[in-house]
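Each remark here refers to the structure printed beneath this line.
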Protein chains: 2
Amino acid sequence: MPYRVVVSGELAKLFGVLSHPIRIRIIEELQQEDLTVGALREILDISHAAASQQLAVLRSHHLVIEKRQGRNVFYHLHNPALAKWIMAGLVFILPDRREVDQISSAIKNVQEVWGKDLKPKKSTTVKKSQST
Amino acid sequence: MPYRVVVSGELAKLFGVLSHPIRIRIIEELQQEDLTVGALREILDISHAAASQQLAVLRSHHLVIEKRQGRNVFYHLHNPALAKWIMAGLVFILPDRREVDQISSAIKNVQEVWGKDLKPKKSTTVKKSQST
DNA sequence: TACAAATATTTATATATATGAATATAGCGA
DNA sequence: TCGCTATATTCATATATATAAATATTTGTA
């Protein structure tokens with residue numbers, strides 16, 4: 001198979017995995033610190049099953065790594081550069097005129113939160129509580 | 001709307017647009033030189049309508065710009081950095097064991113072709129002939 | 001046992017894509 | 001100017017795919 005076809009196919013798959021808001025948010029949250037499924041569920045305000053499913057998609061493409069710790073499963077990025085690379089893609093977002101203000105101010109906010117230099121990882125810190 | 005939601009949604013849309021092999025190949029081909037629909041059709045070996053449709057997707061997200069010239073319509077990248085950014089995503093492709101060799105050699109090949117320094121653009125050069 | 005997470009299944013929805021036909025636009029020649 | 005051809009876009013339709021959300025079930029662990 002011609003290599004261009006192989007590679008464009010693989011890239012397309014990668015982009016497919018990234019083409020969901022929840023999965024992007026998971027990746028950005030994981031850049032800050034390792035998190036359990038329950039913690040992500042809470043942060044993203046989604047059901048447990050949903051969090052698990054989206055993590056499974058990321059896992060199946062080796063973008064995140066799971067690490068069991070007691071009854072919790074912590075996730076971290078296989079390659080933290082992924083989160084940075086995604087942020088670099090922000091410049092290619094070209095909203096339509098009417099949304100320009102709203103979206104570009106949102107981008108600025110997000111760059112401060114997701115884009116700033118990272119705190120030293122507290123990877124094994126367990127959140128105190130976790131409901132449902 | 002919380003800005004994280006806005007931005008992750010916009011990014012997801014962008015990734016969605018890029019999650020098709022043909023569209024990726026179009027972007028990489030356009031990095032080398034501006035091309036007409038017919039030229040792309042030929043290079044990618046797809047139908048004329050298919051080329052036009054995929055270009056419409058890219059156009060609707062402002063990733064490519066059309067410029068009419070006589071009876072041809074030339075396309076170019078709105079932001080050539082897009083092609084480079086996509087190539088930078090290659091490092092996040094983590095194939096399964098069995099495909100590792102095939103895919104990583106394909107990636108190497110592609111990096112030579114799509115990743116090398118660009119020739120000065122001959123943007124308005126019209127291809128001599130064009131069948132079908 | 002009870003909790004956390006993963007897995008499996010189903011359902012519903014959306015979406016993409018290929019194809020062929022119709023339409024539009026531009027250049028060319030009589 | 002009037003056709004004729006080349007190029008490109010659009011539309012309609014059928015098919016395929018995917019995809020997500022919801023639910024239920026299972027597994028592992030304290």
Side-chain angles (χ1 to χ4, degrees), chain A residues 5 8-9 11-26 30 34-62 64-76 124 126-132, chain B residues 5 8-9 12-26 30 34-61 63-76 124-132:
Chain A
V5 176
S8 59
L11 278 171
K13 271 191 230 163
L14 173 65
F15 286 125
V17 172
L18 299 176
S19 68
H20 192 287
I22 293 292
R23 293 197 285 270
I24 289 178
R25 294 191 63 195
I26 289 176
L30 289 182
D34 300 4
L35 292 168
T36 64
V37 180
L40 280 167
R41 185 210 72 74
E42 203 174 342
I43 293 171
L44 305 180
D45 194 30
I46 56 179
S47 77
H48 196 116
S52 209
Q53 279 176 344
Q54 302 298 350
L55 282 165
V57 175
L58 293 171
R59 224 187 317 133
S60 73
H61 290 261
H62 310 106
V64 301
I65 309 284
E66 64 169 88
K67 201 172 277 179
R68 180 141 227 143
Q69 217 162 91
R71 59 175 69 179
N72 291 313
V73 175
F74 279 85
Y75 279 91
H76 66 272
T124 52
V126 181
K127 279 292 186 69
K128 34 198 170 167
S129 84
Q130 231 165 268
S131 56
T132 316
Chain B
V5 176
S8 58
K13 271 191 230 162
L14 173 65
F15 286 124
V17 173
L18 299 177
S19 68
H20 192 286
I22 292 291
R23 293 197 285 270
I24 289 179
R25 294 191 64 195
I26 289 175
L30 289 183
D34 299 4
L35 292 168
T36 65
V37 180
L40 280 167
R41 186 210 71 73
E42 203 173 342
I43 292 171
L44 304 180
D45 194 29
I46 55 179
S47 78
H48 201 114
S52 209
Q53 278 175 348
Q54 302 298 351
L55 282 166
V57 174
L58 293 171
R59 224 188 318 134
S60 73
H61 290 262
L63 298 184
V64 301
I65 308 284
E66 64 169 295
K67 202 172 278 179
R68 179 142 227 143
Q69 218 161 88
R71 58 176 77 177
N72 292 313
V73 175
F74 279 85
Y75 279 91
H76 67 273
T124 51
T125 307
V126 181
K127 280 291 187 71
K128 32 194 171 169
S129 86
Q130 232 164 268
S131 58
T132 315

### Task
List in chain and number order the residues that pass side-chain contact (heavy atoms from CB on, under 4.5 Å) with A:Ala49, two or more places apart in sequence or in another chain; answer none if no residue qualifies.
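Listed in chain order: A:Ser47.
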### Message
Once side-chain contact (heavy atoms from CB on, under 4.5 Å) is applied, do any residues pair with A:Ser60, and if so which ones, sequence neighbours excluded?
### Response
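side-chain contact (heavy atoms from CB on, under 4.5 Å) list for A:Ser60, sorted by chain: empty.
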Between [atom2] of [N] and [atom1] of [X], the distance in whole Å:
| X | N | atom1 | atom2 | value |
| --- | --- | --- | --- | --- |
| A:Leu55 | C:dA5 | CG | C1' | 10 Å |
| B:His48 | D:dC11 | NE2 | P | 16 Å |
| B:Phe74 | D:dA6 | CZ | P | 18 Å |
| A:Arg41 | C:dA4 | CZ | P | 10 Å |
| B:Arg59 | D:dA8 | CZ | P | 12 Å |
| B:Glu66 | D:dT10 | CD | C1' | 13 Å |

Below the 4.0 Å mark, does [N] have OP1 or OP2 next to a side-chain nitrogen or oxygen of [X]?
| X | N | answer |
| --- | --- | --- |
| B:Thr36 | D:dA8 | yes |
| B:Asn72 | C:dA26 | no |
| B:Tyr75 | D:dT9 | yes |

### Query
For every nucleotide of nucleotides 17-30 of chain D, 5' to 3': is a protein heavy atom under 4.0 Å from its base (B), only from its sugar-phosphate (S), or from neither (-)?
---SBBB-----SB
### Message
Any heavy-atom pair between the side chains of B:Leu18 and B:Leu63 that's under 4.5 Å?
### Response
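Result yes, sub-4.5 Å side-chain heavy-atom pair found.
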### Task
Measure the CD1-CD distance between A:Ile22 and A:Gln53 for me, rounded to the nearest 0.5 Å.
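Taking CD1 in A:Ile22 and CD in A:Gln53, the distance rounds to 12.0 Å.
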### All pairs passing salt bridge (charged side-chain N to carboxylate O under 4.0 Å, His left out) where residues 43-61 of chain B contributes a residue, at least two apart
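Salt bridge (charged side-chain N to carboxylate O under 4.0 Å, His left out) check on residues 43-61 of chain B returns B:Arg59-B:Glu66.
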### Query
B:Lys67: what forms a salt bridge (Lys or Arg N to Asp or Glu O under 4.0 Å) with it, not counting sequence neighbours?
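Salt bridge (Lys or Arg N to Asp or Glu O under 4.0 Å) list for B:Lys67, sorted by chain: empty.
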